[in-house]
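None of these values were measured; they are calculated from a predicted model.
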Amino acid sequence: MTATDTLTAPATVARGGGAAPQLKVRKLEAWYGESHALHGVDLDVYPGETVTLLGRNGVGKTTTLRAIMGIIRKRKGEVEFEQKSIMRVPLHRIAHAGLGFVPEERGIFASLTVEENLTLPPVVAKGGMSIEKIYEIFPNLFERRGSPGTKLSGGEQQMLAIARILRTGVRLILLDEPTEGLAPVIVERIGEVLKVLKTHGVSVLLVEQNFRFASRIADHFYVMDHGQVIDSFTVSELPARTEALNTALGV
Amino acid sequence: MTTIFGVALPVLTGQLLIGLINGSFYALLSLGLAVIFGLLRIVNFAHGAFYMLGAFAAWMLLNFAGIGYWGALFLAPLIVAVVGMVIERTMLRALYGLDHLYGLLFTFGLALLLEGGFRHYFGTSGQPFAAPEALRGATNIGFMMLPNYRGWVVVASLVVCLGTWAIIEKTKIGAYLRAATENSTLVQAFGVNVPLLLTLTYGFGCALAGVAGVLAAPLFQVSPLMGSNLIIIVFAVVVIGGMGSILGAIVTGYMLGIVEGLCKVFYPEAANIVVFVIMAIVLLLRPAGLFGKDS
């Protein structure tokens, strides 16, 4: 074990039941042009876990997801997915390794219909949901399948952004602020969808400002500040930390 | 004799036909430019040179390999596409992510190089290229005599334009293209080989210019400068239609060809500049073009 392993996975609770981490990030640094945005991020996601990155605006949460995915190419450190390094894998091969990405801005394409948006990402592995199953979970999308993607409401667009990744059969989803700017009833729906993902054994690395939402669905938490992970704890340790977190996150 | 607004009908229909023929070339060429610009964000100044290359490929296939018009109609665009794809892979690729100006300057230089090369070997005088046997002669379509080859050019360009539009709007690969035009990084993160898509798209855009070149070969002479004569008007068409708009490029292409033709009938003095006058007006009133989205 290296020093960083002990830092990010404290001995108090064994995660993953002895399994190796599905996603292992070590000393990840990233740059936007000249600006050094990540200063050595360490984190783990174990198979089937929902892990949440917490932190104030601008501390590097979104950047962490984009650097893991390889959308930011100016990066250094180590990212292993299912025991294989993906640092040198070209962006269009990452999804085929089993890693899916839902961006903060949702990335719904205006020139594609809802159904075209839904079927755009290639299926990369078996075990993804069928179109029929997806329409069953999201009847709204079925009704609006012929409309341009961006004619949907914000909540429906977020559903579509998640739904299209469900089809692909990826085993870990990087999900960036899915509840941002949405009404509570929609947030509730997204929470249900994430639980469905969990029952399918799909892991999620979630960036979330909505701490209460995250506390209901996540198994493990990391707190980021200044481009680094500064704290790590499991859901059972959450009650004891709530007050300190509220102060740290400024909510 | 029948007259419309004091103009004899055969004169009017004759000019309309010439307008429609020119419009066919404008549409084919501006469509290729729009497809390339939409995805690659490259203003392909070499487009006229690829059009010329298509015509020369047809001429060479005939004179060196004995392959006639119909074979050339498929082979010449393929050759142009391959040349385009090799250039994209080896050179153009290095310019993505830089200012648009670099792509424009590079393709402009490429056009000069291609045209200069052909002028060196073939001179400026055109090479004749006969229309295929089946399309010689003319047909009486009631109100005018329609030269068969000209009718064919209009039909063929319409089919190619509508086919291209259908591929882009109705197929899976078209959906990739449209999505990558909006956000190529995300499409790549979904697992689509976007670098390959860029190469194929550039090849396809060049192939459209190649098709136009083959269609043009029997109408105009095959000459090294045929592209640069045409491409200036085509760029005006693209500006009027709106950069990157597929349907806009097609409709504007035909429309401006017809406007030019009508202008030759009613006010011949302005026929050569009418497209540029329209361009100036469109730029003043709708800078994004008739079919462009403001961004």
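With a 4.5 angstrom heavy-atom cutoff, Ala97(A) does not touch chain B via any of its atoms. The part of Ile108(A) that comes within reach of chain B is its backbone (N, CA, C, O), which places non-hydrogen atoms under 4.5 angstrom from that chain. When heavy atoms are compared at a cutoff of 4.5 Å, Leu112(A) approaches chain B by way of both its backbone and its side chain.
Counting all heavy atoms, side chain and backbone alike, Ala95(A) lies closest to Ala189(B) at CB-O, 3.5 Å. The shortest non-hydrogen separation linking Phe190(B) to Phe109(A) is CE1-CE1, 4.3 Å.
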Just by distance, which donor-acceptor pairs between chain A and chain B come in under 3.5 Å?
from, atom 1, to, atom 2, distance (Å)
His92(A), ND1, Gln188(B), NE2, 3.2
His92(A), NE2, Asn193(B), OD1, 3.4
His96(A), NE2, Gly191(B), O, 2.8
Ala110(A), N, Glu182(B), OE1, 2.9
Ala110(A), N, Glu182(B), OE2, 3.0
Ser111(A), N, Glu182(B), OE2, 2.7
Ser111(A), O, Arg178(B), NH1, 2.7
Ser111(A), OG, Glu182(B), OE2, 2.6
Glu116(A), OE1, Arg178(B), NH1, 3.0
Glu116(A), OE2, Arg178(B), NH2, 2.8
Thr119(A), O, Lys172(B), NZ, 2.2

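Of the listed residues (Leu120(A), Ile94(A), Val170(A)), the one with the most heavy-atom contacts under 4.5 Å to chain B is Leu120(A). Per-residue counts of heavy-atom pairs under 4.5 Å with chain B were compared for Pro103(A), Gly100(A), Ala110(A), Gly107(A); the largest is that of Ala110(A). Listed options Ala179(B), Ala175(B), Gly174(B) were ranked by heavy-atom pairs under 4.5 angstrom with chain A; first place goes to Ala179(B).
Within a 6.0 Å sphere centred on OH of Tyr135(A), other residues, nucleotides and ligands contribute more than 12 heavy atoms.
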